[in-house]
2 protein chains.
Amino acid sequence: MSAREEHQVASDAGLSKQRVVVEAIRLADREGVDGLSMRRLAGALGAGAMSLYHYVASKEELLDAMIDIVFEQIEIPREETDWQSAMRRRAASARQVLASHPWAIGLMESRTSPGPANLRHREAVTACLRRAGFPVVMATHANWLLDSYVYGFALQQTSLPFDTAGEFANMTENVFLPQLPPDEFPYLNESAAALVAAGYDPAEEFTFGLDLVLAALEPLRSSA
Amino acid sequence: MSAREEHQVASDAGLSKQRVVVEAIRLADREGVDGLSMRRLAGALGAGAMSLYHYVASKEELLDAMIDIVFEQIEIPREETDWQSAMRRRAASARQVLASHPWAIGLMESRTSPGPANLRHREAVTACLRRAGFPVVMATHANWLLDSYVYGFALQQTSLPFDTAGEFANMTENVFLPQLPPDEFPYLNESAAALVAAGYDPAEEFTFGLDLVLAALEPLRSSA
DNA sequence: TACTGGGATCGTACACTGTACTATAGGGAG
DNA sequence: CTCCCTATAGTACAGTGTACGATCCCAGTA
(Lines give C-alpha, C1' and ligand atoms only; values in the text may rest on other atoms or scores of the structure.)
Protein backbone atom coordinates (compact mmCIF):
# COMPACT_ATOMS: atom_id res chain seq x y z
CA MET A 1 0.00 0.00 0.00
CA SER A 2 2.71 2.44 0.92
CA ALA A 3 4.64 1.16 -2.07
CA ARG A 4 1.75 1.98 -4.35
CA GLU A 5 1.55 5.56 -3.12
CA GLU A 6 4.97 6.18 -4.58
CA HIS A 7 4.02 6.01 -8.24
CA GLN A 8 0.39 6.95 -8.44
CA VAL A 9 -0.33 9.99 -10.49
CA ALA A 10 -3.75 11.20 -9.50
CA SER A 11 -4.47 12.69 -6.12
CA ASP A 12 -5.72 10.02 -3.76
CA ALA A 13 -8.15 12.17 -1.85
CA GLY A 14 -10.60 9.27 -2.11
CA LEU A 15 -12.48 7.81 -5.01
CA SER A 16 -15.89 8.90 -6.23
CA LYS A 17 -18.07 8.14 -9.21
CA GLN A 18 -17.26 11.57 -10.61
CA ARG A 19 -13.52 11.00 -10.34
CA VAL A 20 -13.76 7.53 -11.84
CA VAL A 21 -15.79 8.65 -14.85
CA VAL A 22 -13.73 11.76 -15.50
CA GLU A 23 -10.50 9.79 -15.43
CA ALA A 24 -12.08 7.19 -17.73
CA ILE A 25 -12.83 9.93 -20.25
CA ARG A 26 -9.28 11.21 -20.08
CA LEU A 27 -7.95 7.71 -20.58
CA ALA A 28 -10.25 7.10 -23.56
CA ASP A 29 -9.25 10.44 -25.08
CA ARG A 30 -5.60 9.57 -24.70
CA GLU A 31 -5.53 5.90 -25.65
CA GLY A 32 -8.78 5.24 -27.44
CA VAL A 33 -11.74 3.34 -26.10
CA ASP A 34 -10.02 0.01 -26.70
CA GLY A 35 -7.25 1.05 -24.35
CA LEU A 36 -9.70 1.69 -21.54
CA SER A 37 -9.69 -1.30 -19.21
CA MET A 38 -10.80 -1.42 -15.63
CA ARG A 39 -7.32 -2.34 -14.49
CA ARG A 40 -5.66 0.52 -16.36
CA LEU A 41 -8.28 2.94 -15.19
CA ALA A 42 -7.74 1.81 -11.62
CA GLY A 43 -4.00 2.20 -12.09
CA ALA A 44 -4.44 5.77 -13.31
CA LEU A 45 -6.46 6.47 -10.18
CA GLY A 46 -3.94 4.83 -7.90
CA ALA A 47 -6.45 2.22 -6.81
CA GLY A 48 -7.12 -1.46 -7.14
CA ALA A 49 -9.22 -2.68 -10.03
CA MET A 50 -12.09 -3.96 -7.95
CA SER A 51 -12.42 -0.73 -6.03
CA LEU A 52 -14.02 0.86 -9.06
CA TYR A 53 -17.00 -1.44 -8.72
CA HIS A 54 -18.13 0.38 -5.62
CA TYR A 55 -18.90 3.43 -7.75
CA VAL A 56 -19.91 1.78 -11.00
CA ALA A 57 -21.98 -1.38 -11.33
CA SER A 58 -20.25 -2.58 -14.48
CA LYS A 59 -18.17 -1.34 -17.35
CA GLU A 60 -21.36 -0.85 -19.34
CA GLU A 61 -22.61 1.59 -16.72
CA LEU A 62 -19.26 3.34 -16.79
CA LEU A 63 -19.55 3.83 -20.55
CA ASP A 64 -23.09 5.17 -20.14
CA ALA A 65 -21.86 7.66 -17.58
CA MET A 66 -19.01 8.69 -19.86
CA ILE A 67 -21.22 9.58 -22.80
CA ASP A 68 -23.59 11.44 -20.52
CA ILE A 69 -20.72 13.61 -19.30
CA VAL A 70 -19.81 14.24 -22.91
CA PHE A 71 -23.36 15.41 -23.52
CA GLU A 72 -23.05 17.69 -20.54
CA GLN A 73 -20.24 19.51 -22.33
CA ILE A 74 -22.44 20.40 -25.29
CA GLU A 75 -23.70 23.94 -25.03
CA ILE A 76 -27.43 24.21 -24.38
CA PRO A 77 -29.38 26.83 -26.35
CA ARG A 78 -30.04 29.99 -24.39
CA GLU A 79 -33.47 31.52 -24.36
CA GLU A 80 -32.91 35.05 -25.54
CA THR A 81 -31.31 34.53 -28.94
CA ASP A 82 -33.16 33.81 -32.16
CA TRP A 83 -33.61 30.18 -32.99
CA GLN A 84 -31.13 30.05 -35.87
CA SER A 85 -28.28 31.49 -33.85
CA ALA A 86 -29.14 29.19 -30.97
CA MET A 87 -29.12 26.12 -33.20
CA ARG A 88 -25.91 27.22 -34.83
CA ARG A 89 -24.21 27.62 -31.50
CA ARG A 90 -25.27 24.29 -30.11
CA ALA A 91 -24.46 22.48 -33.36
CA ALA A 92 -20.98 23.97 -33.43
CA SER A 93 -20.52 23.07 -29.79
CA ALA A 94 -21.69 19.50 -30.37
CA ARG A 95 -19.40 19.07 -33.33
CA GLN A 96 -16.43 20.34 -31.38
CA VAL A 97 -17.17 18.22 -28.31
CA LEU A 98 -17.67 15.07 -30.37
CA ALA A 99 -14.47 15.77 -32.26
CA SER A 100 -12.49 15.98 -29.04
CA HIS A 101 -13.99 12.72 -27.71
CA PRO A 102 -14.03 10.65 -30.90
CA TRP A 103 -14.94 7.43 -29.07
CA ALA A 104 -18.27 8.91 -27.95
CA ILE A 105 -20.01 8.54 -31.29
CA GLY A 106 -19.09 4.91 -31.66
CA LEU A 107 -20.47 4.31 -28.20
CA MET A 108 -23.82 5.97 -28.82
CA GLU A 109 -24.85 3.12 -31.05
CA SER A 110 -25.10 0.30 -28.55
CA ARG A 111 -26.57 2.14 -25.58
CA THR A 112 -30.29 2.81 -25.62
CA SER A 113 -30.96 4.77 -22.42
CA PRO A 114 -30.76 8.54 -23.02
CA GLY A 115 -29.13 9.72 -19.77
CA PRO A 116 -30.03 12.90 -17.86
CA ALA A 117 -27.76 15.34 -19.70
CA ASN A 118 -29.08 14.05 -23.00
CA LEU A 119 -32.66 14.59 -21.82
CA ARG A 120 -31.96 18.13 -20.58
CA HIS A 121 -30.40 18.88 -23.94
CA ARG A 122 -33.40 17.59 -25.89
CA GLU A 123 -35.75 19.54 -23.66
CA ALA A 124 -33.85 22.78 -24.22
CA VAL A 125 -33.69 22.32 -27.99
CA THR A 126 -37.36 21.45 -28.23
CA ALA A 127 -38.19 24.48 -26.12
CA CYS A 128 -36.18 26.72 -28.41
CA LEU A 129 -37.89 25.41 -31.52
CA ARG A 130 -41.38 25.60 -30.05
CA ARG A 131 -40.84 29.17 -28.87
CA ALA A 132 -39.59 30.03 -32.35
CA GLY A 133 -43.00 29.08 -33.65
CA PHE A 134 -42.54 25.54 -34.93
CA PRO A 135 -45.64 23.38 -34.42
CA VAL A 136 -45.13 20.29 -32.27
CA VAL A 137 -44.66 17.75 -35.03
CA MET A 138 -42.53 20.13 -37.05
CA ALA A 139 -40.27 20.69 -34.04
CA THR A 140 -39.79 16.93 -33.85
CA HIS A 141 -38.87 16.82 -37.51
CA ALA A 142 -36.41 19.67 -37.08
CA ASN A 143 -34.89 17.94 -34.07
CA TRP A 144 -34.33 14.73 -35.98
CA LEU A 145 -32.96 16.53 -38.99
CA LEU A 146 -30.54 18.72 -37.06
CA ASP A 147 -29.33 15.94 -34.81
CA SER A 148 -28.89 13.58 -37.73
CA TYR A 149 -26.79 16.14 -39.54
CA VAL A 150 -24.61 16.93 -36.54
CA TYR A 151 -24.01 13.32 -35.51
CA GLY A 152 -23.51 12.14 -39.06
CA PHE A 153 -21.07 14.92 -39.76
CA ALA A 154 -19.14 14.18 -36.60
CA LEU A 155 -19.10 10.49 -37.47
CA GLN A 156 -17.64 11.16 -40.91
CA GLN A 157 -15.20 13.67 -39.54
CA THR A 158 -13.70 11.36 -36.94
CA SER A 159 -13.03 8.75 -39.62
CA LEU A 160 -11.06 11.18 -41.77
CA PRO A 161 -7.38 11.82 -41.23
CA PHE A 162 -7.35 15.57 -41.90
CA ASP A 163 -8.68 18.68 -40.20
CA THR A 164 -7.12 21.69 -41.86
CA ALA A 165 -6.84 22.80 -45.47
CA GLY A 166 -3.14 22.03 -45.46
CA GLU A 167 -3.59 18.52 -44.14
CA PHE A 168 -6.35 17.92 -46.65
CA ALA A 169 -4.19 19.01 -49.59
CA ASN A 170 -1.31 16.97 -48.30
CA MET A 171 -3.30 13.79 -47.75
CA THR A 172 -5.16 14.12 -51.03
CA GLU A 173 -2.05 14.52 -53.13
CA ASN A 174 0.14 12.02 -51.36
CA VAL A 175 -2.28 9.37 -50.16
CA PHE A 176 -5.69 9.44 -51.81
CA LEU A 177 -4.96 10.35 -55.40
CA PRO A 178 -2.25 7.70 -55.84
CA GLN A 179 -4.81 5.08 -54.79
CA LEU A 180 -7.49 6.21 -57.24
CA PRO A 181 -6.97 4.94 -60.81
CA PRO A 182 -8.29 7.77 -63.02
CA ASP A 183 -10.11 5.45 -65.39
CA GLU A 184 -11.97 3.75 -62.57
CA PHE A 185 -12.66 6.85 -60.49
CA PRO A 186 -12.78 9.79 -62.92
CA TYR A 187 -15.14 11.91 -60.87
CA LEU A 188 -13.31 11.41 -57.58
CA ASN A 189 -10.10 12.39 -59.35
CA GLU A 190 -11.69 15.49 -60.79
CA SER A 191 -13.09 16.31 -57.40
CA ALA A 192 -9.84 15.83 -55.52
CA ALA A 193 -7.87 17.91 -57.99
CA ALA A 194 -10.39 20.72 -58.02
CA LEU A 195 -10.68 20.85 -54.23
CA VAL A 196 -6.94 21.01 -53.72
CA ALA A 197 -6.63 23.70 -56.39
CA ALA A 198 -9.38 25.73 -54.74
CA GLY A 199 -7.70 25.47 -51.32
CA TYR A 200 -10.63 23.54 -49.94
CA ASP A 201 -10.91 23.85 -46.16
CA PRO A 202 -12.75 20.95 -44.48
CA ALA A 203 -13.34 23.07 -41.40
CA GLU A 204 -15.86 25.16 -43.35
CA GLU A 205 -17.76 22.18 -44.65
CA PHE A 206 -19.89 21.90 -41.53
CA THR A 207 -21.29 25.40 -41.97
CA PHE A 208 -22.57 24.79 -45.47
CA GLY A 209 -24.95 21.96 -44.64
CA LEU A 210 -26.04 23.52 -41.40
CA ASP A 211 -26.92 26.86 -43.00
CA LEU A 212 -28.75 25.12 -45.80
CA VAL A 213 -30.83 23.09 -43.35
CA LEU A 214 -31.60 26.07 -41.14
CA ALA A 215 -32.68 28.17 -44.13
CA ALA A 216 -34.91 25.37 -45.37
CA LEU A 217 -36.53 25.02 -41.95
CA GLU A 218 -37.18 28.75 -41.53
CA PRO A 219 -40.41 28.93 -43.60
CA LEU A 220 -41.87 26.00 -41.66
CA ARG A 221 -42.42 28.13 -38.58
CA SER A 222 -46.06 28.97 -38.19
CA SER A 223 -45.74 32.35 -36.50
CA ALA A 224 -43.23 35.14 -36.16
CA MET B 1 -11.47 -34.33 -36.25
CA SER B 2 -14.16 -36.81 -37.15
CA ALA B 3 -15.87 -35.87 -33.90
CA ARG B 4 -15.97 -32.24 -34.95
CA GLU B 5 -17.62 -33.00 -38.25
CA GLU B 6 -20.67 -34.23 -36.35
CA HIS B 7 -21.86 -30.90 -35.01
CA GLN B 8 -20.62 -28.30 -37.38
CA VAL B 9 -23.31 -26.25 -38.99
CA ALA B 10 -21.79 -24.60 -41.99
CA SER B 11 -20.74 -26.55 -45.06
CA ASP B 12 -17.09 -27.46 -44.84
CA ALA B 13 -16.30 -27.11 -48.51
CA GLY B 14 -13.14 -25.29 -47.46
CA LEU B 15 -12.56 -21.91 -45.91
CA SER B 16 -12.08 -18.68 -47.83
CA LYS B 17 -11.90 -15.03 -46.93
CA GLN B 18 -15.36 -14.56 -48.39
CA ARG B 19 -16.84 -17.32 -46.26
CA VAL B 20 -15.11 -16.09 -43.12
CA VAL B 21 -16.29 -12.50 -43.53
CA VAL B 22 -19.84 -13.44 -44.50
CA GLU B 23 -20.19 -15.72 -41.50
CA ALA B 24 -18.74 -12.99 -39.28
CA ILE B 25 -21.45 -10.63 -40.46
CA ARG B 26 -24.15 -13.19 -39.75
CA LEU B 27 -22.72 -13.75 -36.29
CA ALA B 28 -22.57 -10.02 -35.58
CA ASP B 29 -26.14 -9.58 -36.80
CA ARG B 30 -27.31 -12.37 -34.56
CA GLU B 31 -25.34 -11.75 -31.40
CA GLY B 32 -24.03 -8.21 -31.67
CA VAL B 33 -20.50 -7.18 -32.35
CA ASP B 34 -19.44 -7.94 -28.79
CA GLY B 35 -20.45 -11.55 -29.31
CA LEU B 36 -18.17 -11.87 -32.30
CA SER B 37 -14.98 -13.58 -31.20
CA MET B 38 -12.50 -15.43 -33.33
CA ARG B 39 -13.18 -18.65 -31.49
CA ARG B 40 -16.94 -18.44 -31.86
CA LEU B 41 -16.61 -17.47 -35.49
CA ALA B 42 -14.33 -20.42 -36.09
CA GLY B 43 -16.82 -22.66 -34.33
CA ALA B 44 -19.64 -21.45 -36.58
CA LEU B 45 -17.45 -22.32 -39.55
CA GLY B 46 -16.54 -25.73 -38.17
CA ALA B 47 -12.90 -24.78 -38.02
CA GLY B 48 -10.18 -24.12 -35.49
CA ALA B 49 -9.69 -20.60 -34.25
CA MET B 50 -6.24 -20.14 -35.69
CA SER B 51 -7.31 -21.28 -39.14
CA LEU B 52 -9.03 -17.97 -39.68
CA TYR B 53 -5.71 -16.17 -39.61
CA HIS B 54 -4.81 -17.65 -42.97
CA TYR B 55 -7.53 -15.54 -44.58
CA VAL B 56 -7.47 -12.52 -42.32
CA ALA B 57 -4.40 -10.87 -40.89
CA SER B 58 -6.09 -9.76 -37.68
CA LYS B 59 -9.48 -9.11 -36.20
CA GLU B 60 -9.11 -5.47 -37.22
CA GLU B 61 -8.79 -6.50 -40.85
CA LEU B 62 -11.80 -8.75 -40.44
CA LEU B 63 -13.85 -5.82 -39.18
CA ASP B 64 -12.69 -3.67 -42.09
CA ALA B 65 -13.75 -6.36 -44.52
CA MET B 66 -17.12 -6.66 -42.80
CA ILE B 67 -18.01 -3.00 -43.14
CA ASP B 68 -16.89 -3.01 -46.75
CA ILE B 69 -19.28 -5.86 -47.50
CA VAL B 70 -22.01 -3.87 -45.81
CA PHE B 71 -21.23 -0.97 -48.12
CA GLU B 72 -21.47 -3.34 -51.04
CA GLN B 73 -25.10 -3.97 -50.13
CA ILE B 74 -26.03 -0.30 -50.47
CA GLU B 75 -27.66 0.40 -53.80
CA ILE B 76 -25.56 2.48 -56.15
CA PRO B 77 -27.30 5.26 -58.09
CA ARG B 78 -28.13 4.30 -61.65
CA GLU B 79 -27.38 6.65 -64.48
CA GLU B 80 -30.69 7.14 -66.20
CA THR B 81 -32.89 8.49 -63.41
CA ASP B 82 -33.02 12.10 -62.29
CA TRP B 83 -30.68 12.99 -59.47
CA GLN B 84 -33.34 13.39 -56.77
CA SER B 85 -34.82 9.95 -57.37
CA ALA B 86 -31.36 8.46 -57.50
CA MET B 87 -30.37 10.04 -54.19
CA ARG B 88 -33.64 9.03 -52.61
CA ARG B 89 -33.17 5.44 -53.65
CA ARG B 90 -29.62 5.16 -52.41
CA ALA B 91 -30.44 6.96 -49.16
CA ALA B 92 -33.32 4.60 -48.49
CA SER B 93 -31.13 1.65 -49.33
CA ALA B 94 -28.36 2.87 -47.05
CA ARG B 95 -30.76 3.43 -44.18
CA GLN B 96 -32.22 -0.02 -44.56
CA VAL B 97 -28.85 -1.73 -44.84
CA LEU B 98 -27.45 0.08 -41.82
CA ALA B 99 -30.57 -0.75 -39.85
CA SER B 100 -30.16 -4.44 -40.55
CA HIS B 101 -26.48 -4.39 -39.56
CA PRO B 102 -26.63 -2.07 -36.56
CA TRP B 103 -23.05 -2.78 -35.53
CA ALA B 104 -21.72 -1.30 -38.79
CA ILE B 105 -22.20 2.34 -37.80
CA GLY B 106 -20.41 1.94 -34.51
CA LEU B 107 -17.53 0.37 -36.39
CA MET B 108 -17.18 3.15 -38.97
CA GLU B 109 -15.80 5.46 -36.33
CA SER B 110 -12.49 3.81 -35.57
CA ARG B 111 -11.49 2.66 -39.06
CA THR B 112 -10.00 5.25 -41.36
CA SER B 113 -9.38 3.43 -44.64
CA PRO B 114 -12.37 3.75 -47.03
CA GLY B 115 -12.42 0.27 -48.59
CA PRO B 116 -13.15 -0.49 -52.27
CA ALA B 117 -16.95 -0.73 -52.06
CA ASN B 118 -17.02 2.58 -50.21
CA LEU B 119 -14.91 4.18 -52.93
CA ARG B 120 -17.08 2.83 -55.75
CA HIS B 121 -20.10 4.20 -53.93
CA ARG B 122 -18.62 7.65 -53.57
CA GLU B 123 -17.58 7.67 -57.19
CA ALA B 124 -21.09 6.79 -58.36
CA VAL B 125 -22.74 9.39 -56.16
CA THR B 126 -20.33 12.09 -57.25
CA ALA B 127 -20.91 11.14 -60.86
CA CYS B 128 -24.65 11.43 -60.41
CA LEU B 129 -24.41 14.86 -58.83
CA ARG B 130 -21.96 16.19 -61.39
CA ARG B 131 -24.10 14.98 -64.28
CA ALA B 132 -27.09 16.65 -62.65
CA GLY B 133 -25.27 19.93 -63.03
CA PHE B 134 -23.74 20.55 -59.62
CA PRO B 135 -20.36 22.29 -59.81
CA VAL B 136 -17.45 20.38 -58.34
CA VAL B 137 -17.33 22.05 -54.96
CA MET B 138 -21.10 22.05 -54.69
CA ALA B 139 -21.17 18.32 -55.38
CA THR B 140 -18.76 17.85 -52.50
CA HIS B 141 -20.99 19.87 -50.23
CA ALA B 142 -24.02 17.86 -51.30
CA ASN B 143 -22.15 14.63 -50.70
CA TRP B 144 -21.19 15.63 -47.19
CA LEU B 145 -24.66 16.86 -46.39
CA LEU B 146 -26.48 13.81 -47.70
CA ASP B 147 -24.09 11.33 -46.14
CA SER B 148 -24.15 13.14 -42.81
CA TYR B 149 -27.93 13.02 -42.77
CA VAL B 150 -28.12 9.34 -43.70
CA TYR B 151 -25.45 8.18 -41.27
CA GLY B 152 -26.68 10.40 -38.47
CA PHE B 153 -30.23 9.25 -38.94
CA ALA B 154 -29.16 5.61 -38.95
CA LEU B 155 -27.09 6.21 -35.83
CA GLN B 156 -30.02 7.70 -33.95
CA GLN B 157 -32.37 5.04 -35.21
CA THR B 158 -30.29 2.13 -34.00
CA SER B 159 -30.18 3.61 -30.52
CA LEU B 160 -33.96 3.83 -30.28
CA PRO B 161 -36.09 0.92 -29.14
CA PHE B 162 -39.01 1.42 -31.52
CA ASP B 163 -39.62 1.10 -35.24
CA THR B 164 -43.33 1.25 -35.88
CA ALA B 165 -46.05 3.68 -34.83
CA GLY B 166 -47.46 1.11 -32.43
CA GLU B 167 -44.15 0.47 -30.73
CA PHE B 168 -43.52 4.20 -30.48
CA ALA B 169 -46.86 4.85 -28.82
CA ASN B 170 -46.35 1.94 -26.49
CA MET B 171 -42.83 2.89 -25.45
CA THR B 172 -43.71 6.55 -25.07
CA GLU B 173 -46.67 5.95 -22.81
CA ASN B 174 -45.23 3.14 -20.72
CA VAL B 175 -41.52 3.94 -20.56
CA PHE B 176 -40.58 7.47 -21.57
CA LEU B 177 -43.39 9.58 -20.15
CA PRO B 178 -43.20 8.03 -16.66
CA GLN B 179 -39.52 9.02 -16.55
CA LEU B 180 -40.10 12.65 -17.52
CA PRO B 181 -41.28 14.89 -14.65
CA PRO B 182 -43.62 17.39 -16.33
CA ASP B 183 -42.26 20.36 -14.44
CA GLU B 184 -38.70 19.58 -15.46
CA PHE B 185 -39.43 18.57 -19.05
CA PRO B 186 -42.59 20.42 -20.09
CA TYR B 187 -41.78 20.53 -23.79
CA LEU B 188 -40.78 16.88 -24.06
CA ASN B 189 -44.03 15.97 -22.33
CA GLU B 190 -46.03 18.13 -24.69
CA SER B 191 -44.18 16.62 -27.61
CA ALA B 192 -44.63 13.02 -26.53
CA ALA B 193 -48.32 13.45 -25.88
CA ALA B 194 -48.94 15.23 -29.16
CA LEU B 195 -47.01 12.67 -31.18
CA VAL B 196 -48.84 9.73 -29.68
CA ALA B 197 -52.18 11.46 -30.21
CA ALA B 198 -51.30 12.14 -33.83
CA GLY B 199 -50.32 8.52 -34.42
CA TYR B 200 -46.74 9.50 -35.14
CA ASP B 201 -44.95 6.96 -37.32
CA PRO B 202 -41.14 7.00 -36.92
CA ALA B 203 -40.77 5.15 -40.23
CA GLU B 204 -41.82 8.32 -42.07
CA GLU B 205 -39.38 10.55 -40.23
CA PHE B 206 -36.52 9.75 -42.58
CA THR B 207 -38.40 11.02 -45.62
CA PHE B 208 -39.06 14.45 -44.15
CA GLY B 209 -35.45 15.48 -43.67
CA LEU B 210 -34.33 13.88 -46.88
CA ASP B 211 -36.95 15.65 -48.98
CA LEU B 212 -36.17 18.94 -47.30
CA VAL B 213 -32.47 18.58 -48.02
CA LEU B 214 -33.00 17.53 -51.62
CA ALA B 215 -35.34 20.43 -52.27
CA ALA B 216 -32.86 22.85 -50.75
CA LEU B 217 -30.06 21.49 -52.93
CA GLU B 218 -32.08 21.66 -56.16
CA PRO B 219 -31.53 25.37 -56.92
CA LEU B 220 -27.78 24.97 -56.42
CA ARG B 221 -27.39 23.12 -59.72
CA SER B 222 -25.85 25.36 -62.33
CA SER B 223 -27.47 23.91 -65.46
CA ALA B 224 -30.52 21.90 -66.46
C1' DT C 1 7.86 -45.06 -56.59
C1' DA C 2 9.92 -42.14 -53.17
C1' DC C 3 11.02 -37.48 -51.74
C1' DT C 4 10.24 -32.92 -50.88
C1' DG C 5 8.25 -28.52 -50.30
C1' DG C 6 4.72 -25.64 -49.28
C1' DG C 7 0.07 -24.32 -48.25
C1' DA C 8 -3.74 -25.18 -45.10
C1' DT C 9 -5.16 -26.38 -40.56
C1' DC C 10 -4.93 -26.43 -35.77
C1' DG C 11 -3.23 -27.05 -30.43
C1' DT C 12 -0.97 -24.83 -27.02
C1' DA C 13 0.47 -20.94 -24.53
C1' DC C 14 0.65 -16.08 -23.00
C1' DA C 15 -0.78 -11.73 -21.74
C1' DC C 16 -4.85 -9.51 -20.97
C1' DT C 17 -9.97 -8.67 -20.18
C1' DG C 18 -14.48 -8.10 -17.02
C1' DT C 19 -16.03 -9.35 -12.77
C1' DA C 20 -17.85 -12.85 -8.84
C1' DC C 21 -16.42 -13.97 -4.55
C1' DT C 22 -14.03 -13.26 -0.44
C1' DA C 23 -11.13 -10.88 2.84
C1' DT C 24 -9.64 -6.99 5.13
C1' DA C 25 -9.15 -2.50 7.46
C1' DG C 26 -11.13 1.50 9.63
C1' DG C 27 -14.47 4.22 11.82
C1' DG C 28 -18.90 5.43 13.93
C1' DA C 29 -22.98 3.77 17.05
C1' DG C 30 -24.59 1.25 20.81
C1' DC D 1 -15.52 -2.98 23.87
C1' DT D 2 -18.47 -4.89 20.47
C1' DC D 3 -20.97 -4.70 16.19
C1' DC D 4 -21.62 -3.44 11.77
C1' DC D 5 -21.10 -0.99 7.63
C1' DT D 6 -18.58 1.19 3.97
C1' DA D 7 -14.49 1.44 1.20
C1' DT D 8 -10.73 -0.97 -0.54
C1' DA D 9 -8.52 -4.92 -2.52
C1' DG D 10 -6.60 -9.85 -3.70
C1' DT D 11 -7.51 -13.99 -5.94
C1' DA D 12 -9.64 -16.72 -9.26
C1' DC D 13 -12.18 -17.96 -13.48
C1' DA D 14 -13.86 -17.95 -17.95
C1' DG D 15 -13.05 -15.82 -22.07
C1' DT D 16 -10.26 -12.72 -25.49
C1' DG D 17 -6.67 -11.89 -29.58
C1' DT D 18 -2.92 -13.99 -31.46
C1' DA D 19 2.43 -15.66 -31.68
C1' DC D 20 4.56 -19.87 -32.30
C1' DG D 21 5.21 -24.33 -33.70
C1' DA D 22 3.45 -28.84 -35.08
C1' DT D 23 0.89 -31.49 -38.31
C1' DC D 24 -1.38 -33.04 -42.40
C1' DC D 25 -2.06 -33.39 -47.29
C1' DC D 26 -1.21 -32.97 -51.89
C1' DA D 27 1.50 -31.26 -56.30
C1' DG D 28 5.69 -31.58 -58.46
C1' DT D 29 10.08 -33.66 -59.34
C1' DA D 30 13.54 -37.17 -59.64
Side-chain angles (χ1 to χ4, degrees), chain A residues 1-25 27-28 30-67 103 106-107 110-111, chain B residues 1-25 27-28 30-67 103 106-107 110-111:
Chain A
M1 175 188 180
S2 63
R4 145 159 298 123
E5 281 172 2
E6 308 289 341
H7 76 0
Q8 72 191 37
V9 176
S11 108
D12 54 351
L15 260 36
S16 71
K17 178 158 184 178
Q18 177 84 351
R19 234 163 77 74
V20 168
V21 179
V22 166
E23 189 63 35
I25 291 179
L27 223 172
R30 196 160 6 108
E31 320 243 7
V33 73
D34 288 339
L36 170 66
S37 79
M38 300 302 273
R39 276 176 249 257
R40 285 174 42 114
L41 175 55
L45 287 161
M50 292 315 291
S51 305
L52 306 181
Y53 285 91
H54 258 259
Y55 303 95
V56 155
S58 64
K59 191 178 185 182
E60 291 285 292
E61 192 192 290
L62 173 64
L63 296 175
D64 282 342
M66 287 168 67
I67 62 167
W103 43 268
L107 246 46
S110 38
R111 23 231 88 242
Chain B
M1 173 194 182
S2 61
R4 145 159 300 122
E5 281 171 3
E6 307 290 341
H7 76 357
Q8 73 191 34
V9 177
S11 109
D12 53 353
L15 260 37
S16 72
K17 178 157 183 178
Q18 177 85 350
R19 235 163 76 73
V20 168
V21 178
V22 166
E23 188 64 36
I25 291 180
L27 224 172
R30 196 160 6 106
E31 319 245 6
V33 73
D34 288 339
L36 169 66
S37 81
M38 300 303 272
R39 276 176 250 257
R40 287 178 36 118
L41 174 56
L45 287 161
M50 293 315 290
S51 307
L52 307 181
Y53 284 92
H54 259 258
Y55 303 95
V56 155
S58 63
K59 191 177 186 183
E60 291 285 293
E61 193 192 289
L62 174 64
L63 296 175
D64 281 342
M66 288 168 67
I67 63 166
W103 43 267
L107 246 47
S110 37
R111 24 228 88 243

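Any value given below was found using the heavy atoms of this structure, including those in side chains, with hydrogens, waters and symmetry copies removed.
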Rounded to whole Å, how long is the line connecting atom CG of B:D34 with atom P of C:dT17?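 In whole Å, C:dT17 P and B:D34 CG are 16 Å from each other.
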Tell me the closest heavy-atom pair linking A:G14 and A:R19, and the distance in Å.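 Here A:G14 and A:R19 meet closest at O-NE, 3.1 Å.
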Over all heavy atoms of both residues, which pair between B:L27 and B:G35 is shortest? Give the atoms and the distance, please.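 In terms of heavy atoms, the two residues are closest at CD2-O, 3.9 Å.
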Does anything in [range] pair up under salt bridge (Lys or Arg N to Asp or Glu O under 4.0 Å), and if so which pairs, sequence neighbours excluded?
{"range": "residues 41-55 of chain A", "answer": "none"}
{"range": "residues 43-56 of chain A", "answer": "none"}
{"range": "residues 41-63 of chain B", "answer": "B:K17-B:E61, B:E60-B:R111"}

By a strict heavy-atom criterion of less than 4.0 Å, which residues belonging to residues 50-58 of chain A are in contact with DNA chain D?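 Heavy-atom contacts with DNA chain D come from A:M50, A:S51, A:H54, A:Y55.
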Does A:R39 have any side chain to side chain contact (heavy atoms under 4.5 Å, CB included) partners at least two apart in sequence or in another chain, and if so, which?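 With sequence neighbours excluded, A:R39 shows a side chain to side chain contact (heavy atoms under 4.5 Å, CB included) to A:S37, A:A49, given in chain and number order.
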Applying side chain to side chain donor-acceptor pair (under 3.5 Å), which residue pairs with at least one partner in residues 42-58 of chain A are found, sequence neighbours left out?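 As it turns out, there is no side chain to side chain donor-acceptor pair (under 3.5 Å) pair with a partner in residues 42-58 of chain A once direct neighbours are skipped.
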How would you list, by chain and number, every residue that makes a side-chain hydrogen bond (donor to acceptor under 3.5 Å, both in side chains) with A:Q18, sequence neighbours excluded?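 A:Q18 satisfies side-chain hydrogen bond (donor to acceptor under 3.5 Å, both in side chains) with no residue once adjacent residues are dropped.
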Would you list the protein and nucleotides 14-16 of chain D atom pairs, both N or O, that sit under 3.5 Å from each other?
from: D:dT16; atom 1: OP1; to: B:S37; atom 2: OG; distance (Å): 3.1

